[in-house]
Each structure stands twice: as structure tokens, then as C-alpha cells.
Amino acid sequence: MAIVNPLSTPKGVTLSCELCHSPAYIQCNGCKVTYYCDKDHQRADWDSIHEKICQLLIPVRAPVPFLNSAEERTHSMEQLLLRKKHIIELTTKEAQRLVYEGRHIDVIPAATHALSFSIDVHGLTSVELVLVYLILAEANIGLGNLTQAEEYLSHASWTVLKTAECSNIIRSKLHHNLGLLYSAKGQFEDSLYHLSNNVYYASTVSGPNDISTSGGFFQMANIFFRQNKMVIADSLYTEVTDIWHSHLSKLVDDQIQASIRSDSVWFIDADHESLDENQEAEALQILSAILDIRAQAAKKEPAKMADILHGLTMLFFLQGDFHKAHEWGKRLLQIIQQLPKYDKSDSIAALIQSIERKLSTKQVTSS
């Protein structure tokens with residue numbers, strides 16, 4: 001780690017911390033174009049996102065070389081823009097993943113990078129900034145910083161309001177976060193209003209039974225659960241489980257049918273739909289939370305537990321984590337022994353068989 005002496009920088013140039021914009025005294029030894037006010041902020045940035053973008057920052061922050069021709073200058077600017085857009089995509093995706101994993105403190109540095117580059121590329125009033133504002137708002141809600149979350153949501157709301165061409169997906173995400181904010185404040189009626197709009201806007205794009213609506217239903221269920229309105233909460237948790245179960249079942253069936261029989265490789269057919277990292281993280285977060293609620297309920301309902309365990313087994317199978325899939329599959333088999341008429345037994349048997357085949361193939365390969 002190199003220590004930067006501000007007095008050695010050119011007159012009028014002030015180095016600022018990547019995270020808080022205070023005067024910086026520490027330089028990243030990897031890229032040498034990023035600075036921090038102290039070691040804590042350097043460590044926080046590294047743990048969140050800097051490790052993944054350290055080398056990517058060099059060409060976008062290095063001095064622009066002198067180029068003789070207009071053609072060269074145009075090409076150079078185009079390449080610079082593409083690099084910045086790549087960093088925006090990477091940092092935004094990583095920040096969203098960290099939100100789903102509940103690592104709210106780690107979200108802030110990644111999302112801060114995404115916001116900074118988005119402003120640079122798209123401008124301060126662009127709708128392209130809304131998603132990053134929402135990620136920052138959700139992280140701050142998770143951290144209990146509701147005033148800061150309100151500020152980000154205010155920016156997002158104003159941008160959406162004055163952008164006629166704003167997509168319903170963005171509107172859905174905005175209402176989702178407003179629902180989370182009001183829920184954190186204990187204003188449940190306002191929260192339910194926004195979460196209903198969240199589901200409505202998502203439904204206009206993908207239909208009411210798509211996984212994009214599951215987050216809104218899940219948060220509504222949590223509110224009714226907190227209000228001890230267990231019948232409504234139970235119904236919504238079941239709806240969320242069914243949505244994910246149906247989606248994961250289709251993906252698993254497609255992959256089993258399209259899988260190339262191999263002794264060493266888990267084949268994913270590129271022509272078939274799959275989950276991205278954020279969808280995987282969201283599914284794990286939601287299904288795990290519902291499982292905990294079901295497990296702690298006074299009245300045990302094996303069929304509903306089986307659906308959740310089946311969903312988690314399928315999720316790990318699709319991720320290629322066959323050891324975890326096998327562990328969850330064993331729990332699933334224990335549950336369905338209590339359900340002789342469980343209507344998903346055949347698909348579970350096929351899934352368990354595929355998991356065991358993949359595990360045996362790995363064992364043979366490793367030996």
C-alpha cells in the first residue's frame with residue numbers, strides 16, 4: 001500500500017477518497033488511479049467491488065494520450081465509453097447481488113461506483129440512474145438509514161416522474177423500494193399500496209405468475225405476517241413458492257431433457273432459458289426465508305414444506321452445486337415420506353436420479 005503525499009501533487013489538484021470524497025492519503029497499489037482517506041475505506045471498497053474492477057479502472061482514469069487524427073480520437077473516445085459502460089454494468093450487477101445476499105454495507109461502494117460512472121456517461125437527470133438510486137436506497141433501508149434511503153428514492157421518483165418513456169420494469173422496482181421504505185417505517189397501508197403497484201407494473205410486462213412479481217408478493221406477505229394476519233400471509237407465501245417452483249421446474253425439465261450425457265461435464269444448453277446470478281440470489285433469499293417461517297410455524301404443513309425444499313433442491317441443481325442439491329434432496333425425501341399422495345413425486349424422483357448421476361460422475365472423474 002502506497003502512501004500519497006498531497007503536497008507532491010500538482011498545484012490545485014486535490015486527491016479525494018473514492019467512497020466519501022474527503023481528502024485522500026492512500027493510493028491503491030494495484031491500479032494506482034484510486035485513492036482513499038483511510039485504510040477502512042480502502043478495505044471496504046476492496047471487499048465490495050474494487051478487487052473486481054481494479055485493473056478496469058486504469059484505462060478509464062489514465063490521462064488521454066495525444067492523438068493526431070480525428071479518426072483516432074473518435075475511436076479512442078468510443079473505446080473509453082464502452083469501458084465505462086462495462087464498469088456500470090458490472091458494478092450495478094454486483095451491487096444488486098449483494099442486496100439479495102443481505103450484505104447491505106458492502107452494497108454501498110459497488111453502487112457508488114455505478115452511480116458515479118452512470119452520471120458521467122448518461123448525465124445527472126437520465127433515467128439510467130434510477131436503478132442505481134434504488135439499489136442504494138434498498139441498501140440504506142437494510143442498514144436502517146431511512147433518511148438517506150428517502151433521499152435516493154426522491155431522486156429516483158423525480159426522474160421517473162419526468163421521464164415519459166420510463167419502462168414499467170423501472171416503475172415496478174421504484175414501487176417495490178417505496179414499499180420497503182414504508183414497511184421499515186411501520187406505515188403498512190402505504191407499503192401495501194406501493195407493493196401492489198410493484199406487482200401490477202411487473203405483471204404488465206411478464207404476467208402475474210412470473211418471477212418478477214414474486215418479490216412484491218413476498219414483501220406483502222411479510223407485512224401481513226408482522227400484523228399477525230396469518231391466513232393472508234400464508235396464502236401469499238404459497239403464491240410466491242408456487243411461482244418459483246413452477247419456474248424452476250420448467251428450467252430443470254429443460255436441462256434434463258437437453259443434457260448431454262457426459263462423465264465429467266454438467267452441460268447447460270445455451271438455447272434454453274436459465275437464471276442469472278441475481279435471480280439465483282433472489283430465489284435463494286426468498287425460498288430460504290419462507291422455509292424458516294414454515295419450519296417455525298405451530299402448525300406443520302408437510303406439503304408446503306416439500307414444495308419449498310423441492311424448489312431449493314432444483315435451484316442448487318441448476319447452479320451445478322450437486323452436493324448441496326443432494327443435501328436438500330435428502331431433506332425433501334424425508335418430508336415426502338409423510339405424503340404418499342404427493343403429486344410431484346415423479347419429478348422429484350427424476351431430479352434426485354439426475355443429482356446422484358452427476359455426483360457419481362464427479363467422483364469417477366476426481367479419482
Are side-chain heavy atoms of [X] and [Y] found at a separation under 4.5 Å?
X: L333; Y: W328; result: no
X: S48; Y: I108; result: no
X: I286; Y: V240; result: yes
X: C20; Y: C37; result: yes
X: L81; Y: V60; result: no
X: L174; Y: N177; result: no

Practice prompt. Quickly, which of L57, I53, I58 forms a side chain to side chain contact (heavy atoms under 4.5 Å, CB included) with T34? Name it, please.
Written response: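 With T34 as partner, side chain to side chain contact (heavy atoms under 4.5 Å, CB included) holds for just one option, L57.
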Worksheet entry | Residues that D47 engages under side chain to side chain donor-acceptor pair (under 3.5 Å), provided they are two or more places apart |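 Checked D47 against side chain to side chain donor-acceptor pair (under 3.5 Å); zero matches.
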Between [X] and [Y], a side-chain donor and acceptor under 3.5 Å:
X: H113; Y: E18; answer: yes
X: T313; Y: R331; answer: no
X: Q285; Y: E101; answer: no
X: E72; Y: S69; answer: yes
X: Q187; Y: D190; answer: yes
X: Y36; Y: D45; answer: yes

Salt bridge check, [Y] against [X]: does any charged N sit closer than 4.0 Å to a carboxylate O?
X: D307; Y: K304; result: no
X: E89; Y: K85; result: no
X: K173; Y: E138; result: no
X: E94; Y: R97; result: yes

Atom pair [atom1] ([X]) and [atom2] ([Y]), whose distance is rounded to the nearest 0.5 Å:
X: L312; Y: T241; atom1: CG; atom2: OG1; value: 9.5 Å
X: W46; Y: C54; atom1: CH2; atom2: SG; value: 5.5 Å
X: L134; Y: Y152; atom1: CG; atom2: OH; value: 12.0 Å
X: Y35; Y: I26; atom1: OH; atom2: CD1; value: 12.5 Å
X: L318; Y: L251; atom1: CG; atom2: CG; value: 5.5 Å
X: H310; Y: S347; atom1: NE2; atom2: OG; value: 4.0 Å

Practice prompt. Compare every heavy atom of H176 with every heavy atom of L195, then report the nearest pair and how far apart it is.
Written response: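 Where L195 meets H176 most closely, the heavy atoms are CD2-O, 3.9 Å.
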Worksheet item: What are the two closest non-hydrogen atoms of I87 and T91, and how far apart are they?
Response: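 Scanning both residues completely, I find the closest heavy atoms to be O-OG1, 2.7 Å.
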Worksheet item: According to the salt bridge (charged side-chain N to carboxylate O under 4.0 Å, His left out) rule, which pairs have a member within residues 109-134, sequence neighbours left out?
Response: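 For residues 109-134, and leaving out neighbouring residues, the salt bridge (charged side-chain N to carboxylate O under 4.0 Å, His left out) pairs sorted by first residue read K84-D120.
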Could you list the donor-acceptor pairs under 3.5 angstrom formed between side-chain atoms of residues 212-223 and any protein atom two or more places apart in sequence or on another chain?
residue	atom	partner	partner atom	Å
S212	OG	D210	OD2	2.9
T213	OG1	P208	O	2.9
T213	OG1	D210	O	2.8
S214	OG	I211	O	2.7
S214	OG	W244	NE1	3.0
N222	OD1	Y237	OH	2.6

Worksheet entry | Derivation of the side-chain contact (heavy atoms from CB on, under 4.5 Å) call for K300 and M305 | CA-CA 8 Å; K300 305 302 180 186; M305 287 287 290; over 6 Å; no
